[in-house]
Chemist: 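Would you mind keeping the following structure in view while I ask a few things?
Everything quoted here is computed from the prediction, not taken from an experiment.
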Amino acid sequence: MLPQEERSLPFPERWPRASKFTLSACAAVVAELATFPLDLTKTRLQIQGEAAVCRYGAAARRAVPYRGMLRTAAGIVQEEGLLKLWQGATPAVYRHIVYSGVRMVTYEHLRDSVLGGAEDESFPLWKSVVGGMAAGAIGQFFASPTDLVKVQMQMEGKRRLEGKPLRFHGVHHAFVKILSEGGIQGLWAGWVPNVQRAALVNMGDLTTYDSVKHFLLLNTPLQDNSATHSIASVCSGLVAAILGTPADVIKTRIMNQPRDKQGRGLLYKSSTDCLIQAIQGEGFMSLYKGFLPTWMRMAPWSLVFWLTYEQIRRICGVSSF
């Protein structure tokens, strides 16, 4: 039993890290569901025209014509149905409960306890970069199995249109099938580019948001309110998209490639091999396929997440991020 005094404390004070994990997970779920159709569109664009697939097997050569973001989204609605814009949303929600919860708690712990800020509450940029990259990498490593399932389920509608058999009947079946075919390590297929991407994205997201927010609070008349949070979140979404899109393209292709019975990829040997094949076969700008929907998703995702997170922290009596 806890002492009477401790039991009488509010939950955020008794369990600060658990409460921050829960609050960040809730905010991430809201942001994920609101912007998920853009993530699906982005994933389809990144797979479209994949050079390695065109070289692998006769069936794979039946290339889907290039379509932009709006035509891709409209095509999904017309050919598969409106609700298919949320195909793969369930593992995406699972992923963000783990990913956002871990990364937010890790970053705040690194900032407040390990790296330490200055006396005026500012946080040196280099420390923020280290903290953001480390938090993103750790969070993504734990969330990689759910991300793998999300990416593969997002491509099921495309497989149906191409006349290929569906691989999964649901989230649970996807987890079981991947585990039975590739073992425990199969659930972490593509985790290296996954973690690399998360480190870059969080260097853009966490680092930019934290740095811009505290710069505005220390150097402008702006207060710690929704206006400041909105400006910081818009900046963080743009920087995260610029830094994260190339790694996101590589991650998506590695996670979506066919595999042999040992779980080895049939198209790419590693993330470096995928990077080289993409540049040689499609040009450097292929690394920014899906940039527009990536940015258009990250911007509102970041805005919804940070505004929701800051508000529910305030409502629950937790100090501002």
Side-chain angles (χ1 to χ4, degrees), residues 18 20-44 46-47 84-107 135-157 159 166-202 205-206 240 244 247-257 259 263 265 271 294 297-298 301-302 304-305 309:
K20 290 175 182 176
F21 180 97
T22 303
L23 296 179
S24 62
C26 290
V29 169
V30 172
E32 187 68 19
L33 291 176
T35 62
F36 189 80
L38 288 169
D39 185 55
L40 177 65
T41 304
K42 173 207 71 176
T43 301
R44 294 285 182 91
Q46 289 173 340
I47 296 297
K84 292 301 181 180
L85 287 173
W86 279 270
Q87 183 161 348
T90 301
V93 168
Y94 292 161
R95 180 234 178 195
H96 265 288
I97 290 174
V98 178
Y99 170 65
S100 291
V102 172
R103 75 179 181 121
M104 298 303 292
V105 172
T106 301
Y107 181 80
I138 293 170
Q140 185 55 56
F141 178 78
F142 284 105
S144 278
T146 53
D147 205 22
L148 174 65
V149 172
K150 182 198 78 169
V151 169
Q152 298 209 5
M153 287 193 68
Q154 284 178 330
M155 302 310 298
E156 289 298 275
R159 289 178 64 88
L166 297 182
R167 297 173 293 183
F168 313 116
H169 304 300
V171 177
H172 179 262
H173 179 247
F175 274 110
V176 171
K177 185 173 182 181
I178 293 171
L179 185 63
S180 63
E181 292 179 353
I184 292 293
Q185 66 270 25
L187 290 173
W188 269 266
W191 74 269
V192 174
N194 227 354
V195 167
Q196 291 169 342
R197 173 192 175 272
L200 291 172
V201 167
N202 280 276
D205 185 29
L206 285 173
D248 193 33
V249 171
I250 301 303
K251 178 211 75 169
T252 299
R253 293 185 173 193
I254 285 182
M255 296 179 78
N256 190 61
Q257 68 176 322
R259 298 182 178 276
S271 56
T294 296
R297 178 177 187 260
M298 281 188 172
W301 193 99
S302 184
V304 173
F305 172 78
Y309 187 46

Chemist: Show every donor-acceptor pair shorter than 3.5 Å between a side-chain atom in residues 98-105 and any protein atom, with sequence neighbours excluded, or say none if there are none.
Modeler:
residue: Tyr99; atom: OH; partner: Asn202; partner atom: ND2; Å: 2.6
residue: Ser100; atom: OG; partner: His96; partner atom: ND1; Å: 3.0
residue: Arg103; atom: NH1; partner: Asn202; partner atom: OD1; Å: 2.6
residue: Arg103; atom: NH1; partner: Asp205; partner atom: OD2; Å: 2.9
residue: Arg103; atom: NH2; partner: Asp205; partner atom: OD2; Å: 3.3

Chemist: Ignoring hydrogens and geometry, is there a side-chain-to-backbone donor-acceptor pair from Trp188 to Phe141 under 3.5 Å?
Modeler: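 Yes: the side chain of Trp188 pairs with the backbone of Phe141.
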Chemist: For Phe36 and Ala89, which heavy atoms make the closest approach, and how far apart are they?
Modeler: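 Between these two residues, the closest heavy atoms are CZ-N, 3.5 Å.
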Chemist: Restricting to ring-ring contact (aromatic ring centres under 6.0 Å, His included), what partner residues turn up for His172, sequence neighbours left out?
Modeler: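 Once residues adjacent in sequence are excluded, His172 has no partner under the ring-ring contact (aromatic ring centres under 6.0 Å, His included) criterion.
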Chemist: If we only count heavy atoms from C-beta on, is the Gln196 to Ile250 side-chain gap below 4.5 Å?
Modeler: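 No; the side chains remain at least 4.5 Å from each other.
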Chemist: Which atom pair, heavy atoms only, marks the closest approach of Thr106 to Ile138?
Modeler: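 Closest pair (atom of Thr106, atom of Ile138, distance): CG2-CD1, 4.0 Å.
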Chemist: For Phe305, check ring-ring contact (aromatic ring centres under 6.0 Å, His included) against everything at least two apart and list the hits.
Modeler: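 Listed in chain order: Trp301, Tyr309.
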Chemist: Can you tell me how far the CD atom of Gln185 sits from the CG atom of Leu179, to the nearest 0.5 Å?
Modeler: 9.0 Å
Chemist: What are the two closest non-hydrogen atoms of Asp147 and Gln140, and how far apart are they?
Modeler: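 Answer, listing the atom of Asp147 first, then Gln140: OD2-NE2, 3.6 Å.
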Chemist: Can you tell me how far the CG atom of Leu33 sits from the CH2 atom of Trp86, to the nearest 0.5 Å?
Modeler: 9.0 Å
Chemist: Considering all heavy atoms of both residues, which atom of Ile178 and which atom of Val149 are nearest to each other, and what is their separation?
Modeler: CD1-CG2, 4.0 Å
Chemist: For Gly136 versus Ala198, what's the shortest heavy-atom pair and its separation?
Modeler: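 Nearest heavy atoms, Gly136 then Ala198: O-CB, 3.3 Å.
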Chemist: Of all heavy-atom pairs between Leu187 and Phe175, which one has the smallest distance, and what is that distance?
Modeler: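 That closest heavy-atom pairing would be CD2-CD2, 4.0 Å.
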Chemist: Please report the interatomic distance OG1(Thr35) to CE(Met298), rounded to the nearest 0.5 Å.
Modeler: 10.0 Å
